[in-house]
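All of these numbers come straight from a predicted model, not from anything done at the bench. For ligands, and for the atoms within them, numbers begin at 1 and follow the listed sequence. Quick note: numbers below take in every heavy atom, side chains included, and nothing from hydrogens, waters or symmetry partners.
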Amino acid sequence: MIFSEVLKSHAEPLVKEIIQHPFLTDITTNTLAPAAIIAYVQQDEFYLSQYALALKAAADLAPSPTIAHVLMPLLFEPNSESIAHTWLLKSIDISQVEQLPTTVPNPTTQAYIDFLFANKSKDFFSLITALLPCAWVYPEFAKQLVPQEVTDNPLINWLQLYDNQFPDLLKMDLATVLFTILDQETFTQSKQQQLLAIFLQGCIYEWHFFDATYFQKTRLLANTSTITMEELMNA
Ligand SMILES: Cc1ncc(C[n+]2csc(CCO)c2C)c(N)n1
């Protein structure tokens, strides 16, 4: 089995969990709470800005000019997925991301981003393996959840985007490119195990990302407490 297939087959149970997450089932039934939509869009805007930086770092770390060349066209602008966010917000009568309050990353978003940059500090292949679940999981659940019949659910556009049905708005080939880079490399057994662990951890973060925004785990001590870090340090 080629390495990318090994990664995907191990992650299959996690994809099943993600597909059953209430965030996604509520998308398919058009019952996703406005608060969950707002929390998701806010967190995702922030997440994607950091993801774009990590992807750029991968292109800079590329072990050969050929690989760098393959990655270059994929360095999407952080806001290239903003159409997905616009569609979600429109369903609750908010037209612009700018209308949302400023975002503080919730602990899950922050942990996911820290995970990406921790793998940047390891090596190029660890980094692209950490970047892969984000690019791979969405098309995986989208192809399974997009309804075959016509629907008036406005949230289905969001799924169709990730099912590559609007290639002019968002190209969905990043996962394929990153898997191909991995498949062209030969890894020792122990390196394969390390990369598999990174890949699965990334898929787990994808589940947590939905869970944190669905339940709005956004109530941070830093937002609610009147004591500042500075005061604690100087006490
Ligand atoms: C937490 C989170 N994970 C994955 C995506 C989806 N996504 C991000 S980058 C990319 C590759 C093509 O743009 C895809 C599919 C998201 N928006 N937010």
- Between Asp123 and Lys191, does at least one N-O distance fall below 4.0 Å, as a salt bridge requires? yes
- Classify the side-chain pair Asp114/Gln110 by whether it contains a donor and acceptor separated by less than 3.5 Å. yes
- Message: I'd like to check which ligand 1 atoms, numbered from 1 as shown, lie under 4.0 Å from a non-hydrogen atom of Met172.
- Response: 15 (C)
- Query: Just which atoms of ligand 1 are under 4.0 Å from any heavy atom in Tyr51?
  - Reply: 9 (S)
- Query: For atom 18 (N) of ligand 1, what's the nearest protein heavy atom and its distance?
  - Reply: Asp44 OD1, 2.6 Å
- Message: I'd like to know if the side chain of Gln43 pairs up with that of Thr213 as donor and acceptor (distance under 3.5 Å, no hydrogens or angles considered).
- Response: no
- Return yes when atom CD of Glu231 has more than 12 non-hydrogen atoms of other residues, nucleotides or ligands closer than 6.0 Å, and no otherwise. yes
- Task: Indicate the ring-plane relationship of Phe210 and Phe141, choosing parallel, tilted or perpendicular according to the 30° and 60° boundaries.
- Result: perpendicular
- Query: Does the N or O separation between Lys171 and ligand 1 drop below 3.5 Å for any pair?
  - Reply: no
- The atoms of ligand 1 lying under 4.0 Å from a heavy atom of Leu170, numbered in the order shown, are 13 (O)
- Message: Below 3.5 Å, N or O to N or O, backbone or side chain included: is there any such pair between Glu81 and ligand 1?
- Response: yes
- Closest to atom 2 (C) of ligand 1 (heavy atoms only, candidates Tyr138, Tyr162, Trp158) is Tyr138
- Taking everything shown except Lys120 itself, do over 12 heavy atoms lie less than 6.0 Å from its NZ? no
- How close does the nearest protein non-hydrogen atom get to atom 11 (C) of ligand 1, and which residue and atom is it? Leu174 CD2, 3.8 Å
